[in-house]
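Throughout, residue positions are numbered sequentially from 1 according to the sequence presented.
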Amino acid sequence: MNFFKIKTTWSNSEFIVFKLCVASAYILIGAYFNRFVCQNYRPILILFGISVVWVVSLWLKKMRESQ
């Protein structure tokens, strides 16, 4: 059983709660490892930029397929 291939349906309100949970975990981790985040600011920013482009492209692809 592959955990990453399980299909689920989330409503927008449920997904907002999930995103808030993940965002709060990132804030806590960033606050705890403040010196690490400051030292590695550029690689983290590059990773963020790549992941944003990737997620937006996946989202646009999914939106086009559903029409």
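- Placement of M63 and V56 within a single hydrophobic cluster is found when ILVMFWY residues are connected by side-chain heavy-atom separations under 4.5 Å, directly or transitively.
- Hydrophobic clustering of Ile, Leu, Val, Met, Phe, Trp and Tyr side chains at less than 4.5 Å, counting indirect connections, keeps V53 apart from L60.
- Note on F36 and Y32: same hydrophobic cluster, where clusters join Ile, Leu, Val, Met, Phe, Trp and Tyr whose side-chain heavy atoms are under 4.5 Å apart, directly or indirectly.
- The CH2 atom of W59 lies 10.5 Å from the CZ atom of R64; values are rounded to the nearest 0.5 Å.
- Here L45 contributes atom CG and I50 contributes atom CD1; the two are 10.0 Å apart, rounded to the nearest 0.5 Å.
- Between I44 and F48 the shortest side-chain heavy-atom distance does not fall below 4.5 Å.
- Of the inter-residue distances, the one linking L20 atom CG with I27 atom CD1 reads 9.5 Å to the nearest 0.5 angstrom.
- Once rounded to the nearest 0.5 Å, the distance linking CG of L28 with CZ of F33 reads 11.5 Å.
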